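The basis for the numbers below is simple: all heavy atoms, side chains too, and nothing from hydrogens, waters or symmetry mates. Note that the structure is predicted; figures quoted are calculated from it, not measured.
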Amino acid sequence: MFQHREAYQLAVDARDQRFDGVFYVGITTTHVYCRPCCPSRLALDQHRRFFDSAAAAEQAGFRPCLRCRPELAPGRTALAAVSRLAQVASERIASGALNGHSVAHLATELGVSERHLRRALEREVSVSPLELAQTHRLLLAKRLIVDTDLPMTRVAYASGFQSLRRFNAVFRAQYRMAPSALRRGRRARADGSLRLTLAYRPPALIAGLPREARVSIAGHSGAVSVRNSAADAHLVVDIAESLLPVLMPLIAGLRRVFDLDAEPAVIDAHLRANGLSKLVDRWPGARVVGVFERLEGANPDAFDTTDPALRARAEQWRPWRAYAAQLLKLAE
């Protein structure tokens, strides 16, 4: 992180939303870690430590800020990962691949040795697979405690813990407080559904919202509705209660479908530099939407055309050709 420290300091000073989820800042005086856009009073430069992930910050002994709530930050774009193995493994872990399964099982599914998988994640994410999985579980549990009225037992299992006792022990050990200390009084939704928000980095032009679909995951099915709250830079998602047991893979799938982890500052700058500046200025932050019903994300480099001249021109837009195609479609 040392080579990026000066840029990260400036981003924190400006509370720049473009860096939300790209890195986290730990405050050594309070042992709390924050998003770069945290509205709290700025800490002195010498009291800041920077981390590539929430998991790395928690492994270093920092607790999530209760004001900016790092569990709500968007993730990183897939192409930001240095290693394809670390990228795929991180995505699988975020979807709950280690909930009730071993690292050896995941390594076998990925076609590598357990040792190789551990080394890849520790080298590029700075934490082990189990530490990364635990952070995902804890942060999901934290948002369910704060944002819903679910009983603690259901919070524990929905977050991927195998028992309430284990959940309470891990939560207390990591955050030095009982889970109930975060609970706020909330009224239950009349239809029994669950409402969550999924953050993204603005600007975001997401076509086809609001939308509703019925999705199925691992034998569980139910309705999911999605609408955009552009002023808050997040989607509002209503989830059927029947999907609670598969909440982790559902959230990961929705982030893929609606391209919520895209980094528009990077993508738009690339397209501007390669002949699409007028279109980017007109439609900044265009996202490439996948298939909602199947929770499939779109290929960011897909470019379907029968025009050989346009196909040749599109080479300069790699690896973001799908975003260029979206802008050209809007301009028709």
Keeping [X] on the side-chain end and [Y] on the backbone end, is there a donor-acceptor pair under 3.5 Å?
X	Y	value
Ser277	Ala273	no
Ser229	Leu235	no
Trp317	Asn274	yes
Arg287	Ile206	no
His270	Gln316	yes

Output for pair (Leu10 CG, Asp16 CG), nearest 0.5 Å, gives 10.0 Å
Distance col, row Ile239:CD1 vs Ile251:CD1, nearest 0.5 angstrom, shows 6.0 Å
I'd like to check the salt bridge (Lys or Arg N to Asp or Glu O under 4.0 Å) partners of [X]; sequence neighbours left out, ordered by chain and number.
X	result
Glu122	none
Asp232	none
Arg143	none

Residues that [X] engages under side chain to side chain contact (heavy atoms under 4.5 Å, CB included), provided they are two or more places apart:
X	answer
Pro74	Asp20, Arg35, Ala199, Arg201, Arg255, Asp261
Cys38	Cys34, Ser40, Cys65, Cys68
Ser126	Ala56
Ala104	Ser102, Glu114

*Does Glu109 come within less than 4.0 Å of Arg92, counting only side-chain N to carboxylate O?*
yes
Within the 4.5 Å heavy-atom criterion, are [X] and [Y] side-chain neighbours or not?
X	Y	result
Leu121	Val127	no
Leu66	Tyr175	no
Arg183	Thr148	yes
Val226	Phe292	yes
Ser90	Val125	yes
Leu194	Val237	no
Arg211	Ser225	no
Leu110	Leu85	yes

Which heavy atom in [X] sits nearest to a heavy atom in [Y], and how many Å separate them?
X	Y	result
Arg313	Gly275	NH2-O, 3.8 Å
Leu182	Phe171	CD1-CZ, 3.5 Å
Gly21	Arg76	O-CD, 3.3 Å

Partner set under side-chain hydrogen bond (donor to acceptor under 3.5 Å, both in side chains) for [X], not counting sequence neighbours:
X	value
Glu71	Arg69, Lys142
Arg48	Gln9, Asp13, Asp45
His101	none

Evaluate the criterion side chain to side chain contact (heavy atoms under 4.5 Å, CB included) for residue pair Phe303 and Leu310; output intermediate values, then yes/no. CA-CA 10 Å; Phe303 195 86; Leu310 183 57; 3.9 Å; yes
* To do: Examine the side chains of Tyr323 and Asp259 and answer whether a donor and an acceptor come within less than 3.5 Å of each other.
  => yes
Residue pairs passing the side chain to side chain donor-acceptor pair (under 3.5 Å) test with at least one member in residues 295-312, sequence neighbours excluded, are Arg294-Glu296, Asp301-Arg318, Asp301-Arg321
request  = Given side chain to side chain contact (heavy atoms under 4.5 Å, CB included), test Leu244 with Leu150 step by step and report yes or no.
outcome  = CA-CA 10 Å; Leu244 190 59; Leu150 289 173; 3.9 Å; yes
Under 4.5 Å between side-chain heavy atoms, counting indirect links through other Ile/Leu/Val/Met/Phe/Trp/Tyr residues: same cluster for [X] and [Y] or not?
X	Y	answer
Val291	Val215	no
Leu198	Val289	yes
Leu139	Phe51	yes

**Asked** For Arg115, does the CZ atom sit with more than 12 other heavy atoms under 6.0 Å from it, leaving out its own atoms?
**Response** no
Flag yes if more than 12 heavy atoms outside Arg272 fall under 6.0 Å of its CZ atom; otherwise flag no.
yes
Per-pair distances, 0.1 Å, donor-acceptor, side chain in residues 154-168, under 3.5 Å, sequence neighbours excluded:
unit_1	atom_1	unit_2	atom_2	d
Arg154	NH1	Glu241	OE2	2.6
Ser159	OG	Ala141	N	3.3
Ser159	OG	Val155	O	2.7
Gln162	NE2	Gly160	O	3.1
Ser163	OG	Arg166	N	3.0
Asn168	ND2	Leu164	O	3.3

Step by step, would you call Phe23 with Tyr8 a ring pair (Phe, Tyr, Trp, His ring centres under 6.0 Å)? CA-CA 8 Å; Phe23 70 89; Tyr8 287 175; 3.8 Å; yes
Paired with Ile93, the side-chain contact (heavy atoms from CB on, under 4.5 Å) test is passed by just one of Asn99, Val103, Leu132, Leu130, namely Leu132
Paired with Val224, the side-chain contact (heavy atoms from CB on, under 4.5 Å) test is passed by just one of Leu295, Val257, Leu254, namely Leu254
Salt bridge (charged side-chain N to carboxylate O under 4.0 Å, His left out) assessment of Glu58 paired with Arg63
CA-CA 6 Å; Glu58 297 208 358; Arg63 304 184 306 278; over 6 Å; no
Q. Between Arg227 and Leu209, does a side chain to side chain contact (heavy atoms under 4.5 Å, CB included) hold up when you go through it step by step?
A. CA-CA 6 Å; Arg227 62 179 175 85; Leu209 293 179; 5.8 Å; no
- Run the numbers on Val88 and Arg84 for side chain to side chain contact (heavy atoms under 4.5 Å, CB included), then give the verdict. CA-CA 6 Å; Val88 174; Arg84 176 65 179 168; 3.5 Å; yes
